Amino acid sequence: MATALFSGQATATGSPALSPTAAGRQAAAALPCDIYADGGTPCVAAHSTTRALYAGYNGPLYQVRRASDGTTRDIGVLSTGGYADAAAQDSFCSRTSCLITVLYDQSGRGNHLTQAPPGQFPGPAEGGYDNLADAAAAPVTVNGHKAYGVFIAPGTGYRDNGTNGIATGDQPEGMYAVLDGTHYNSGCCFDYGNAETNSRNNGNGTMEAIYFGDSKTWGYGTGDGPWIMSDLENGLFSGVNRGYNANDPSISHRFLTATLKGGPNRWAIRGGNAQSGGLSTFYDGPRPNDSGYDPMKKEGAIILGTGGDNSNGSAGTFYEGVMTSGYPSEATENAVQSSIDAADYAEAAPASDALRPGAKVSLRATTSCCTKHYLRHDGSDVGIAEVSGSSSSAARAAATWTVRKGLGDASCVSFESVDKPGQYLRHSDFQLHLNAADGSSLFRNDATFCPQAGHSGEGVSLRSLNFPGDFLRHYKYDAYIASDGGSHDWDATAAWSDDTSWAAAEPLS
């Protein structure tokens with residue numbers, strides 16, 4: 001339901017500031033791109049929604065677009081070299097929702113990430129573009145400051161096919177990303193890094209990107225995953241061999257640092273806990289012993305959340321990452337990891353303690369008209385109705401749900417009917433229904449909702465996994481997934497923030 005966004009669109013507060021010079025850095029503490037520059041491998045792309053990656057950076061980090069009126073706003077830093085101004089986003093997006101439309105490049109080279117265009121695989125948004133991420137979907141704190149990451153659900157992706165200074169051919173490069181190590185899937189492909197400039201599969205060695213997930217289709221390491229691997233096109237590589245490599249361990253820290261670097265017939269994967277400690281080397285050696293990867297044929301586009309051909313079935317969360325010119329030393333990467341540790345990433349409080357998997361809950365409407373009404377099913381139909389402790393046992397059971405880990409994304413939730421086990425709340429043609437799980441990927445995604453703070457300031461709002469701009473809403477006593485001001489009757493702006501806010505109440509049954 002997102003509208004295609006083309007690079008070059010005017011922003012609310014102008015263009016990002018140019019990369020700071022070494023002389024202009026703050027002396028307090030070097031940030032990742034300062035460290036890479038001092039190591040002789042400067043950043044040529046630097047993206048983050050949580051903080052500046054240069055000590056002297058004071059430009060915007062990202063841009064959001066408000067659903068209620070389509071207005072955009074750049075979100076900058078609280079101070080030079082500092083943390084994201086999340087309060088500006090919260091104020092701008094109050095009582096509506098926002099999507100992240102641009103991730104600005106802090107390097108000064110203009111390598112901004114915008115809505116990924118259609119490629120070999122189309123996206124689900126208008127014109128075959130990929131979806132944009134909901135701006136409030138991944139709250140965290142960084143050194144005690146509130147910030148937001150980029151929550152990638154299947155169908156979501158960002159890209160820049162016309163870059164400046166990114167490695168091509170067999171030129172050396174490095175990159176890192178800070179990710180949520182607990183948010184992943186086996187879909188192809190949650191990547192950040194170098195890709196094809198036409199969004200198509202152009203053959204072995206035409207891309208070089210960090211991959212994170214538990215896919216075993218092309219390559220894997222020890223354990224059940226997830227693994228940090230390298231997407232080199234037509235292969236996710238965990239080492240020199242296609243397929244299994246024993247030295248690449250499963251790794252799933254809540255905040256995870258993943259690094260990748262590649263040069264002429266050499267590449268390396270490293271990783272570690274982004275909250276403390278150093279990096280471990282999982283592979284350092286020659287290019288894969290398969291044809292087409294030596295020499296490399298990198299093309300120099302940048303992707304986030306998709307494969308090089310726009311395969312977009314992946315899930316993950318991104319907080320910050322960079323790409324460098326040149327092959328960074330381990331000493332440089334270790335110093336960058338120390339800077340990441342010092343950022344003190346931490347989880348934000350959950351939107352609702354009541355929505356923990358295994359719990360039973362009833363979802364009460366918070367709109368003033370309907371505070372005695374609960375989300376309930378009537379056969380396969382779903383809407384709201386007045387229910388209380390004195391209602392029949394059948395009515396109370398129909399308004400009670402068992403919270404499950406999200407069928408389509410375990411970081412979100414699904415709602416199983418208490419009185420009809422095996423049947424789940426799901427949307428179809430935007431309307432909510434109660435249906436038996438059929439095992440399909442479509443059903444799993446349709447039946448998955450991601451809780452976040454209520455749009456009205458009360459309760460929780462439940463975002464659709466596969467339509468990031470749509471939230472569970474009651475409208476004329478029926479239930480839908482609805483955007484604020486969209487094209488359907490149930491997208492009406494009147495009372496939207498209240499209608500999409502639910503109290504996670506004690507179970508009625």
Side-chain angles (χ1 to χ4, degrees), residues 1 67 97 99 124 131 133-139 151-156 183 185 315 317 350-366 374-377 380 382-384 399-418 420 423-437 440-456 458-475 478-484 486 490-491 496-505 507:
M1 295 193 50
S97 66
L99 298 173
N131 286 333
D134 183 87
F151 186 98
I152 301 292
T156 302
H183 184 206
N185 70 2
T317 299
S352 172
D353 289 329
L355 297 181
R356 62 189 184 281
K360 290 183 179 180
V361 68
S362 292
L363 296 171
R364 181 176 59 79
T366 63
Y374 290 80
L375 188 73
R376 63 89 181 101
H377 72 85
S380 64
V382 176
I384 60 169
T400 306
W401 309 90
T402 302
V403 182
R404 302 298 187 194
K405 285 187 177 181
L407 299 178
D409 189 318
S411 67
C412 301
V413 296
S414 294
F415 296 96
E416 184 181 13
S417 172
V418 162
K420 293 185 180 294
Q423 299 194 35
Y424 290 83
L425 189 68
R426 60 86 61 96
H427 66 82
S428 178
D429 291 331
F430 301 98
Q431 191 158 8
L432 271 292
H433 302 278
L434 185 72
N435 292 150
S440 69
S441 175
L442 176 63
F443 183 95
R444 291 194 297 269
N445 292 339
D446 288 351
T448 302
F449 302 88
C450 303
Q452 57 194 65
H455 292 126
S456 68
E458 181 180 357
V460 296
S461 291
L462 296 164
R463 178 175 50 82
S464 166
L465 177 68
N466 48 359
F467 289 87
D470 287 32
F471 292 79
L472 199 161
R473 179 190 192 174
H474 63 88
Y475 180 76
D478 289 324
Y480 302 87
I481 57 166
S483 61
D484 187 2
W490 54 84
D491 296 325
W496 185 88
S497 61
D498 295 315
D499 292 351
T500 58
S501 299
W502 302 85

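If you're wondering where the values come from, they're calculated on a predicted model, not measured in any experiment.
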May I ask you to test the [X]-[Y] pair for a side-chain heavy-atom distance under 4.5 Å?
X    : Y    : answer
L407 : R426 : no
L425 : L472 : yes
F430 : D491 : no
S97  : D134 : yes
R444 : L465 : no
Y480 : D499 : no

Can you name the closest pair of heavy atoms from [X] and [Y] and give their distance?
X    : Y    : value
P507 : S362 : CA-OG, 3.6 Å
S414 : G406 : OG-CA, 3.5 Å
R404 : Y424 : CG-CE2, 4.1 Å
Q452 : A137 : OE1-CA, 3.9 Å
T156 : P468 : OG1-CG, 4.1 Å
S461 : G454 : OG-CA, 3.4 Å

Residue that, paired with F415, satisfies side chain to side chain contact (heavy atoms under 4.5 Å, CB included) out of L462, T402, L375: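 Only match with F415 under side chain to side chain contact (heavy atoms under 4.5 Å, CB included): L462.
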Measure the [atom1]-[atom2] distance between [X] and [Y] for me, rounded to the nearest 0.5 Å.
X    : Y    : atom1 : atom2 : value
D498 : R473 : CG    : CZ    : 9.5 Å
D446 : S464 : CG    : OG    : 7.0 Å
R463 : T448 : CZ    : OG1   : 10.5 Å

Taking ring pair (Phe, Tyr, Trp, His ring centres under 6.0 Å) as the test, write out the residues that go with H455, two or more places apart.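 Expected list: F471, W496.
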Keeping T366 on the side-chain end and S501 on the backbone end, is there a donor-acceptor pair under 3.5 Å?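 Looks like yes, one N/O pair under 3.5 Å.
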With no hydrogens and no angle check, is any side-chain donor or acceptor of N131 less than 3.5 Å from a backbone partner on N466?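 Flag set: sc N131 to bb N466 pair under 3.5 Å.
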Sequence neighbours excluded, which residues qualify as side chain to side chain contact (heavy atoms under 4.5 Å, CB included) partners of N185?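 If we apply the side chain to side chain contact (heavy atoms under 4.5 Å, CB included) test to N185, skipping adjacent residues, the hits are P154, S314, A315.
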Who are the side chain to side chain contact (heavy atoms under 4.5 Å, CB included) partners of S411, not counting sequence neighbours?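 Only F151, H183, D409 meet the side chain to side chain contact (heavy atoms under 4.5 Å, CB included) criterion with S411.
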Step through it carefully: locate the ring centre of W490, locate the ring centre of Y475, and say whether they are under 6.0 Å apart.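 Distance test on ring centres: not under 6.0 Å, no.
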